[in-house]
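By convention in this document, chain letters (A, B, ...) are assigned in the order of the sequence lines, proteins followed by strands, and residues within each chain are numbered from 1. All values reported here derive from a predicted model rather than from experimental measurement. We use all heavy atoms of the structure for the numbers below, so side chains are in, but hydrogens, waters and symmetry mates are not.
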2 protein chains.
Amino acid sequence: MSRMNSISPIKVPPLMTRSHEIAGVLRDEILRGQFRPSERLPSERDLAARFGASRGAVREALSQIEQLRLIDIQPGGARIKEVNDASIAVLGPLLGMGSKPDADLVDQFLDTFSALARFTATRAIPKLSESQRADLLAQLDSMTHDMNSVESLQPKMRAFLMTLGGIADNLVVRLISNDLQAQFVERMLQLHPRPSLKPELLRELVSDMRLGVESGDGEAVASALDVHFLSMRALVAQALASD
Amino acid sequence: MSRMNSISPIKVPPLMTRSHEIAGVLRDEILRGQFRPSERLPSERDLAARFGASRGAVREALSQIEQLRLIDIQPGGARIKEVNDASIAVLGPLLGMGSKPDADLVDQFLDTFSALARFTATRAIPKLSESQRADLLAQLDSMTHDMNSVESLQPKMRAFLMTLGGIADNLVVRLISNDLQAQFVERMLQLHPRPSLKPELLRELVSDMRLGVESGDGEAVASALDVHFLSMRALVAQALASD
DNA sequence: TAGACCACTTTGGTCATACCAATCTGGACC
DNA sequence: GGTCCAGATTGGTATGACCAAAGTGGTCTA
């Protein structure tokens with residue numbers, strides 16, 4: 001808790017190397033369905049020729065795609081696998097493929113994220129220490145101030161959920177959340193105009209969660225989150241529907 | 001639904017190449033905490049010398065570890081990152097490190113998996129078509145037969161949950177489940193002696209789920225699953241506690 | 001003609017070596 | 001003591017080569 005990322009003045013872009021670049025292109029082609037499952041991928045040598053790169057770069061790219069469980073590399077050839085059996089790490093690329101993220105997928109994400117938030121809350125709240133409870137209440141209080149600007153509230157909401165995650169102390173959920181975060185969140189924040197949640201709803205959310213935290217009622221906090229994510233989903237769906 | 005893995009007579013071992021081998025060793029060393037976060041990893045050349053391998057093989061290994069978000073490769077050196085910020089793909093290795101999987105981690109996994117199962121049930125059951133309902137009921141009925149041997153029941157249980165997942169039709173959860181499956185399930189099935197759930201509990205589980213499926217009550221199915229996973233967790237904890 | 005068998009080709013896995021650009025390091029210099 | 005610069009180090013990439021396993025196609029046999 002004490003030592004956070006204190007130094008991060010410059011946002012380092014993911015450092016696009018040739019192999020990452022190639023991996024991205026191939027990954028997208030596979031996700032786009034340009035290869036049928038069990039079909040053979042072009043040979044490393046052919047791919048190297050196509051991309052004007054060395055076999056080493058191509059091999060590194062394929063090695064990355066293999067970790068996504070999109071292909072199965074074997075002596076004799078790499079074969080495409082079902083997208084449905086892939087790793088969660090394909091979600092990000094899947095979202096960013098069209099000009100606009102797929103509305104269904106976004107809704108599924110929010111639904112799932114909501115369930116994880118609920119899970120976290122029900123596990124964290126019952127075992128709050130007094131200092132943790134005070135911490136959470138302070139965070140909620142600080143939210144009530146800038147309630148009108150979603151821009152300033154949203155990071156506080158995330159911080160609140162992160163704190164809950166730390167208290168719940170479940171590494172599995174934590175890692176899942178990491179991946180979802182890595183795959184979705186940033187992508188979503190940029191894409192569509194911020195859905196403007198009505199201030200009264202936000203006020204109610206914070207107030208409900210506050211009651212739940214105070215009384216140690218995890219289910220109350222979870223329910224408040226449920227409601228919040230439901231209206232969130234409605235707004236996002238609406239934002240994505242408008243061409 | 002129609003085309004499942006019909007052909008899989010020989011179980012192909014994951015094909016241990018040199019680069020995967022190296023990646024495994026380095027990954028485990030990092031997970032074991034042998035490097036502090038932000039510390040520099042030995043250079044590729046040094047690692048190549050250490051493993052008696054070529055730089056190419058080492059680079060492929062590092063490329064894989066990078067995808068686990070365990071290291072951050074940059075010109076100048078690769079730096080270790082926090083395990084807590086890693087990808088979900090580190091769970092498997094994390095489990096398989098000691099002679100016996102960490103009891104807390106296993107419990108967290110089961111808790112999380114339980115939550116996902118509940119989520120899936122609540123999303124799938126309400127929108128069952130009649131044929132899907134019949135399918136699920138048939139699966140449940142087939143469970144009632146070999147209720148005593150956990151070995152034969154367990155795969156049917158998994159198939160049931162998979163069917164539910166297909167109906168829920170949430171790609172995000174599906175992919176998460178894929179990863180959990182890949183990371184945990186196989187590892188757990190081998191490790192500890194099968195916890196022997198009492199037949200009467202299983203009978204109750206199946207019966208409760210049957211009622212829920214028939215009446216389209218997702219919450220009922222979810223609750224039955226909750227109970228089941230709770231006793232499961234108790235048994236596993238007990239099995240792992242016994243030296 | 002259908003099927004088994006075998007040589008040839010292709011493919012992935014690995015190694016060695018080399019060069020470049022970015023980074024890092026250490027010492028000279030102010 | 002701080003600044004600055006040159007050399008060493010490091011990752012990124014390319015080329016070329018060899019091996020073993022898998023795929024390929026043709027021949028030969030029953």
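- In this view, B/Asp179 and A/Arg69 satisfy the salt bridge (Lys or Arg N to Asp or Glu O under 4.0 Å) rule, not counting sequence neighbours.
- For the pair A/Leu47 and A/Leu26, the minimum side-chain heavy-atom distance is below 4.5 Å.
- Annotation for A/Leu62 and A/Glu44: closest pair CD1-CG, 3.7 Å, computed over non-hydrogen atoms.
- Every residue two or more places apart in sequence or in another chain that forms a side chain to side chain contact (heavy atoms under 4.5 Å, CB included) with B/Asp169 is listed here: B/Lys127.
- Where A/Gly56 and A/Gly76 meet DNA chain D, the nucleotide closest to each residue was compared, and A/Gly56 sits on the side nearer the 5' end.
- With rounding to whole Å, A/Glu21 atom CD is found 10 Å from D/dA14 atom P.
- Counting atom types as modelled, B/Arg55 pairs a side-chain N or O with a base atom of D/dG12 as donor and acceptor under 3.5 Å.
- Note that CD of A/Glu66 and CD of B/Gln67 are 10.0 Å apart. Values are rounded to the nearest 0.5 Å.
- For DNA chain C, the span of nucleotides reached by chain B at under 4.0 Å from its heavy atoms goes, 5' to 3', from C/dG13 to C/dT23.
- Residues from residues 57-65 of chain A lying near DNA chain D, meaning a heavy-atom separation below 4.0 Å, are A/Ala57 in numerical order.
- The two residues B/Arg40 and B/Gly77 have their closest heavy-atom pair at NE-CA, 3.8 Å.
- Atoms CG (B/Asp72) and C1' (D/dT10) sit 15 Å apart, rounded to a whole Å.
- Side-chain contact annotation: B/Thr112 with A/Asn170, donor-acceptor N/O pair under 3.5 Å present.
- For the OP1/OP2 pair of D/dT13 and a distance below 4.0 Å, the side-chain nitrogens and oxygens of A/Ser54 include no atom meeting the criterion.
- Residues B/Leu95 and B/Pro101 come closest through the heavy atom pair CD2-CB, 3.3 Å.
- Between B/Ser142 and B/Lys156, the shortest heavy-atom distance links the atoms O-NZ, 3.0 Å.
- The nearest pair of heavy atoms linking A/Ala89 to A/Leu68 is CB-CD2, 3.5 Å.
- Legend: residues meeting salt bridge (Lys or Arg N to Asp or Glu O under 4.0 Å) with B/Asp102, ordered by chain and number and at least two apart, are absent.
- Only A/Arg40, A/Ser43, A/Glu44, A/Arg45, listed by number, bring a heavy atom of residues 39-46 of chain A to less than 4.0 angstrom from any atom of DNA chain C.
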